[in-house]
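Because the structure is predicted, anything quoted here is derived from the model rather than measured.
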Amino acid sequence: VCLISNNSWLGSLSFTGMRERFLEVFDSIRVDNLNGDKYSTGKLTPEGKPDPSVFSTEKNREGIQVGTAIGLLVKGAGPSDEVEYREWWGASKRADLEAAAEALPTDYVSHEPILELGLPFRPAEVAEGYLSWPKIPDLFPVSFPGIITARDQFVVDIDRARLEHRVSRYFDPALSDDVIRAESPVALSDASRFEAVATRRVLASRGFLPERVLPYQYRPFDNRWVYWEPETKLLHEKRAEYWPTAQTQTPQFVMAQKQRRGYDPPVVTTSAVAFHLLERGAISFPMHVATAQDTLLASAIPQANLSDGARAYLHALKADDDVLFWHAIAMLHCADYFTENGAALELDWPRLPIPADARLLLTSASCGRRLSELIDGGAGGFTGGAPVGTLSSRHGILDPAVDLAVTARWGIAGKSGITMPSTGKVIERPYAGDERWALMKYAEKVGMPSEQIFELLGEMCFDVFLNDVAYWAGVPASVWRYTIGGYQVIKKWLSYRERALLGRDLKPEEARYVTEMVRRIAALVLMQPELDANYERVKANVWEWGA
């Protein structure tokens, strides 16, 4: 049997039953993964070169959007538990495949699919002991999907005052539907499970609830405000069960069960979470879970979000309830951890090693706390005396009154008001003498070899422009390219602040926030040696889960 299909069946958990049946019925399975996937790789090879679909033509260079794979399934060739697998990349893959068909194949990689990982046909290597470690939900049993507004342009805003003004007018029965439709078309437009006029009649009779305006983690490092309406479908999926926990502002780490673009570390936040916070559905694992009492006036009561097994583990080590949460964050942000286990991390919830020694657990938790402060905007961030990410002007003196408009085409308006990223303007260059010297002095101060700081931050840096005049100078290459959830963090933030989309220039504090963001991400990058060492210590002394 020759199976030609999109390549999601190679690793997706939803295809486990089908792959198990293949292994039962067929004696030989060969897979040729032709890649070319817009959603997984953005149609790029691992080296960053174009990777069009194998179905591309002269008139249609992109071919189809999804990646494809060929499965050759043979019955009667003798029993085998192994799968032979190879990959094809680049613009010449079709010709390369045709040439390979003329010769006996010698370049397949044989491997035995692992049941605990969902029997992936793509080779999946993991660290020794990985499959015995607990999964995230084994430790933190309660999780919440993020909010789906379906009407971001109305119920979400970068400016709290603008949001409250817009929403309060919607609730004003003295204003006609036509007035509100002109101001906020999406609020008075019918959509799936949403009757716009009828909804407004119900809500206007009750009135605006100002206490329902909450901080909202919209994208990584991009905190906004949301009006969390508890009735009707003004919010498409309001997640009523999530409300008591979200309003307590408990720390949460947010990730997706399966990441299409490869593993990225989770977002850590104390704000309510958007379902599209990551490139795919966001699931929040809070440190504490709150449940409302019987009366409406009772305040939420937070309880540690721990499984019975996690509680028993912490009790045995005489550790506080919160340290396991912080330890998880340290593991999930460790480069060696996701390098060793990357294939498994793309398929299902991560499995975490937990240390058998209380001192190791506390040390790891300390790393996790510092990481969380950097990600969620608390104290900290790299400075080192180096002018990293400093707001600068080509004219020498920056005038905040006229120089803070983002007009370098970082974002454009897409269909239905969705913001689409664009090219923007950056200039890549070597570090200037004073920048390089300051980084070397910082490395000396913290006991890091000078060559290591450039290995981590990159040998080059970028000047990132707001417009033709103003720019953030000396953004280290690894900071500029830093991603969470498939998003290049700083570039994504800028795309939403293009003046044509935002409707105004940046405020001075917003321009300073980008500098702060650069320095926080730099500090995250420079923590990697410490995180890797922490992972190796934990991995060498792992608690036997479930014993």
Side-chain angles (χ1 to χ4, degrees), residues 142 144-219 222-252 254 269-277 282 284 286 288-303 376 417 503:
V142 179
F144 302 99
I147 303 163
I148 301 177
T149 72
R151 279 161 281 281
D152 284 3
Q153 303 98 313
F154 180 63
V155 295
V156 178
D157 208 304
I158 292 168
D159 297 308
R160 177 172 185 164
R162 188 166 65 180
L163 173 63
E164 290 181 336
H165 174 75
R166 180 171 67 239
V167 175
S168 64
R169 286 179 62 81
Y170 170 87
F171 281 89
D172 186 349
L175 297 175
S176 71
D177 292 339
D178 289 339
V179 169
I180 300 303
R181 186 177 291 107
E183 294 178 357
S184 304
V186 71
L188 265 293
S189 299
D190 288 345
S192 173
R193 301 160 63 201
F194 177 67
E195 296 181 14
V197 172
T199 298
R200 184 173 183 239
R201 294 288 179 274
V202 170
L203 295 179
S205 67
R206 188 210 63 205
F208 175 51
L209 303 174
E211 70 275 10
R212 285 274 171 163
V213 176
L214 287 188
Y216 188 49
Q217 194 73 50
Y218 188 72
R219 294 291 182 266
D222 190 348
N223 215 347
R224 305 189 183 186
W225 299 91
V226 65
Y227 178 67
W228 196 333
E229 172 53 52
E231 300 180 53
T232 74
K233 279 291 180 180
L234 184 65
L235 244 61
H236 186 68
E237 295 295 347
K238 61 184 69 62
R239 316 296 191 199
E241 70 283 1
Y242 179 35
W243 164 259
T245 295
Q247 66 175 323
T248 66
Q249 298 186 323
T250 185
Q252 309 158 70
V254 186
T269 182
T270 54
S271 301
V273 171
F275 185 71
H276 296 291
L277 169 62
S284 163
H288 297 98
V289 178
T291 56
Q293 290 182 332
D294 293 335
T295 64
L296 294 176
L297 297 178
S299 59
I301 303 173
Q303 298 178 348
D376 197 30

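Between W225 and L214, the closest side-chain pair of non-hydrogen atoms is not below 4.5 Å. At least one side-chain heavy atom of Y170 sits under 4.5 Å from a side-chain heavy atom of L234. In this structure, the side chains of T291 and P244 stay at 4.5 Å or more apart for every pair of heavy atoms. You'll find the side chain of L163 reaches within 4.5 Å of the side chain of V213, heavy atoms only. The shortest side-chain heavy-atom distance between L235 and W228 falls under the 4.5 Å cut-off. Considering only heavy atoms from C-beta on, Q303 stays 4.5 Å or farther from V289 through its side chain. The shortest distance between side-chain heavy atoms of S168 and F208 falls below 4.5 Å. Counting only heavy atoms from C-beta outward, the side chains of V273 and I147 never approach each other to under 4.5 Å.
Considering OH of Y227 and CD of E211, their distance stands at 7.5 Å, rounded to 0.5 Å. Atom CG of residue N223 and atom CD of residue Q217 lie 4.5 Å apart, to the nearest 0.5 angstrom. Distance check: S189 OG to R151 CZ gives 9.5 Å after rounding to the nearest 0.5 Å. Taken from CZ in F144 to OG in S284, the straight-line distance is 7.0 Å, to the nearest 0.5 Å. Put simply, OG1 on T232 and CZ on R201 are 13.5 Å apart, with the number rounded to the nearest 0.5 Å. To the nearest 0.5 Å, the span separating CG on L188 from OG on S184 amounts to 8.5 Å.
The closest donor-acceptor contact from the side chain of T250 to the backbone of P286 lies at 3.5 Å or more, if one exists at all. With hydrogens and angles disregarded, a donor-acceptor distance shorter than 3.5 Å links the side chain of R239 to the backbone of G146.
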Practice problem: Verify side-chain hydrogen bond (donor to acceptor under 3.5 Å, both in side chains) between D152 and Y218, making sure each step is shown before the conclusion. | Solution: CA-CA 10 Å; D152 284 3; Y218 188 72; 2.7 Å; yes

Practice problem: Evaluate the criterion side-chain hydrogen bond (donor to acceptor under 3.5 Å, both in side chains) for residue pair T270 and Q249; output intermediate values, then yes/no. | Solution: CA-CA 5 Å; T270 54; Q249 298 186 323; 5.6 Å; no

Quiz item: Does the side-chain hydrogen bond (donor to acceptor under 3.5 Å, both in side chains) test come out yes or no for Q252 and T269, once each step is laid out?
Solution: CA-CA 5 Å; Q252 309 158 70; T269 182; 5.6 Å; no

Practice problem: For the pair E183 and R169, evaluate salt bridge (Lys or Arg N to Asp or Glu O under 4.0 Å) and give the outcome as yes or no after the intermediate values. | Solution: CA-CA 10 Å; E183 294 178 357; R169 286 179 62 81; 2.6 Å; yes

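Closest approach of A282 and A274 over heavy atoms only: CB-O, 3.5 Å. Closest non-hydrogen pair, T245 versus A290, comes out as OG1-N, 2.9 Å. Residues A272 and Y242 share a closest heavy-atom pair of CA-OH, 3.8 Å. Across all their heavy atoms, R160 and P210 have their closest contact at NH2-O, 4.5 Å.
Taking the charged nitrogens against the carboxylate oxygens, R166 and D157 do have a contact shorter than 4.0 Å, which makes a salt bridge.
Just one residue in the list L203, V167, V155, T149 forms a side-chain contact (heavy atoms from CB on, under 4.5 Å) with E229, and that residue is L203.
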If you look only at distance, which donor and acceptor atoms sit under 3.5 Å apart when one is on a side chain in residues 191-199 and the other is two or more places apart or in another chain?
| residue | atom | partner | partner atom | Å |
| --- | --- | --- | --- | --- |
| R193 | NH1 | E237 | OE2 | 3.1 |
| T199 | OG1 | E195 | O | 2.7 |

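Residues passing the salt bridge (charged side-chain N to carboxylate O under 4.0 Å, His left out) test with R219: none are found, sequence neighbours excluded.
Geometric assessment of R212 against the ring of W243 yields a positive cation-pi assignment under the 6.0 Å and 45° thresholds. Remark: R200 fails to qualify as a cation-pi partner of F171 under the 6.0 Å distance and 45° angle criteria applied to the six-membered ring.
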